[in-house]
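Reading through the structure tokens given below for one structure.
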Amino acid sequence: DGAKRVFRLSEVSSHDKDSESPWVIKGTKVYDITDWIAGHPGGNVILRAAGGSVDPYWNIFSIHKKQEVYDILEEFLIGHVDPQDLIDGQVPVDDIEDPFVQDPQRDPRLIVHSDKPMNAESPTTLLSTFLTPSDIFYVRNHLWVPRIVEKEHKLVVELDDGEEKEYTMSDLRKNFKQHKITATLQCSGNRRSHMTEGSRPTNGLQWEAGAIGNAEWTGPRLRDVLADAGFNVADPPDEVQHAQFVGAETYGASIPLSKAIDPRGDVILACQMNGKTIPPDHGFPLRVVAPGHVAARSVKWVTRIIMSEEESTSQWQRRDYKCFGPNDTEKPNWDMAPAIQETPVQSAITCMHREEAKDEIKNVVIEGYAFSGGGRKIIRVDVSTDDGRTWGQAETDIDPVSNGIHDWSWKRWKYTVPEKKMVGATVVVKAVDEAYNGQPEHHEPTFNLRGNLTAAWHRVKYDPQK
Ligand code: MTE
Ligand code: MO
């Protein structure tokens, strides 16, 4: 029985991150995690603890402190630490550096869902401008914010034949034409809490409607950099089907080759956000912006691009960001569903306020956003103030046209109603894009356990106090 084996700490420590069979200790038990790494939600991050105790890490990454995780670990039990190496019955552990201590300060107006890693959304009342100011742009971090010195930052482009080319930030700024794209980034979990309320509990951060924002991004086209690195963008090799991106803190994701090299796809390596250096939380100094695709593919702090036959092998490509049917509540067969790339039609109400009264007729102004993936233009926003029985059309031409070949930006909309019609009103919004795609009326038919791509009609009861 393997679990009865006893190991000296010196032996455990030889099974470190560079070993072929990494081990960790939890309490005084020893686990061989070799077979867990591929399926571990945080990917290789767990290797930081290899060769020693996982406890100080899990004290920081506290999402691990639940039975479900302990049960998985138990499958990899191989034995115990030799009692002669214990002090007061415990494995002596070194203090580890908390990778989050370097995280930046955040704007106190953000609504925080978790702080290590930082996940915070914009209050929707602040999403009232076409461009979302960077300081209130939602933050969705899976890990810590890597501390990067711009002068030392390198981007490596790895081609399918193994050739690599390296770029500094100065190369990317000076040797390539800089493109300015206005693009909306939306987390696949935006409005997840609405799905939970409207149907059943979902797993994941319970975002309201503020995990979305629109910004101006500037930098070279990915296509141009790939061409410079020697990739044949005009006639790409059949073996290459995906462009994988790796972030400095180990996050990874990929987009299909067709998007990466599309001269009209506007994928850029952004060096700027809203005309300034990108803030640390949003990818300083370099992030991919793949407009029209779910924001999870716009990899922040990008250090490596790999042109590959395969999608990124990361958890965030192969697991989390997928949808299954409403009935699929057991362990899904992850390989059966494609990774989310382009996103469906979305719309939401962001605020309702009484107009300053010019005369006796008082109006309520209802505002919100509407957005569709794939650069598909929003052609209509329908608003109802009687819970969907009758409809009117919102005004959508209130903002400048976005930069970029397709419609990568949300449309903000406005709908004005006499206040007397708003007594007890339930306001509903739904939008239509240029492919005449719409939004589902209810959450249940699109329920998926992970609560991804919540996009049913947004309903809000009018509250005159607000
Ligand atoms: N890139 C890295 N390197 N690490 C991350 O955790 N999160 C992704 C994406 N890119 C992430 C990343 C997800 S899921 C989203 S929704 C967006 O970044 C969030 O971008 P933002 O924090 O700038 O709003
Ligand atoms: Mo996300």
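One-based numbering along the sequence shown. Worth saying up front: this structure is predicted, and the values here are computed from it rather than measured. All ligand and atom numbering here is 1-based and tracks the order in the structure.
Contact atoms of ligand 1 toward Cys187: 16 (S) (distance under 4.0 Å to a heavy atom of the residue). Listed by number with element, the atoms of ligand 1 under 4.0 Å from a non-hydrogen atom of Asn141 are 6 (O). Those atoms of ligand 1 that come under 4.0 Å of a heavy atom in Val299, given as number and element, are 1 (N), 3 (N), 10 (N). Listed by atom number, the atoms of ligand 1 under 4.0 Å from Val139 heavy atoms are 22 (O). Heavy-atom contacts of Phe137 reach the following atoms of ligand 1: 24 (O) (cutoff under 4.0 Å).
Among all non-hydrogen protein atoms, the one lying nearest atom 3 (N) of ligand 1 is Lys300 O, 2.9 Å. The closest protein non-hydrogen atom to atom 13 (C) of ligand 1 is Ala296 CA, 3.7 Å. Ranking protein heavy atoms by distance to atom 20 (O) of ligand 1, first place goes to Arg287 NH2, 3.2 Å. Scanning the protein for heavy atoms near atom 7 (N) of ligand 1, the closest one is Arg140 O, 3.2 Å.
The shortest N/O to N/O separation between Tyr138 and ligand 1 falls below 3.5 Å. Polar contact check, His282 against ligand 1: a nitrogen or oxygen pair lies under 3.5 Å apart. The N/O atoms of Tyr321, backbone and side chain alike, include none that comes under 3.5 Å of an N/O atom in ligand 1.
Using bins of under 30°, 30° to 60° and over 60° for the plane-to-plane angle, the ring pair His443/His194 lands in the perpendicular bin. In this pair, His64 and Trp58 present their aromatic rings parallel. The plane angle is below 30°, not in the 30 to 60° band. In this pair, Tyr369 and Trp410 present their aromatic rings parallel. The plane angle is below 30°, not in the 30 to 60° band.
The residue from Ala120, Ser298, Ala295 that puts a heavy atom closest to atom 15 (C) of ligand 1 is Ala295.
With a heavy-atom cut-off of 4.0 Å, Ser188 does not touch ligand 1 at all. The side chain of Tyr251, and not its backbone, has at least one atom closer than 4.0 Å to an atom of ligand 1 (non-hydrogen atoms only; side chain from C-beta on). Under 4.0 Å from ligand 1, the heavy atoms of Glu249 that appear belong solely to its side chain.
Checking side-chain atoms of Tyr251 against main-chain N and O of Val299 turns up no donor-acceptor pair under 3.5 Å. Of the possible polar contacts, none joining the Glu166 side chain to the Leu155 backbone as a donor-acceptor pair under 3.5 Å is found.
Using a non-hydrogen distance threshold of 4.0 Å, Leu185 does not register as a contact of ligand 1.
For Asn119 and Tyr138, the side-chain atoms include no donor-acceptor pair closer than 3.5 Å. Defined by atom type and a distance below 3.5 Å, a donor-acceptor pair is present between the side-chain atoms of Asn141 and Lys300.
Under the 6.0 Å cut-off for aromatic ring centres, Tyr321 and Trp316 do not qualify, their centroids lying 6.0 Å or more apart. A ring-centre distance under 6.0 Å is found for Phe324 and Trp334.
For the side chain to side chain donor-acceptor pair (under 3.5 Å) with Arg376, the qualifying choice from Glu342, Glu434, His406 is Glu342, the only one to do so.
Counting heavy atoms from C-beta on, the side chains of Arg297 and Ser254 never come closer than 4.5 Å.
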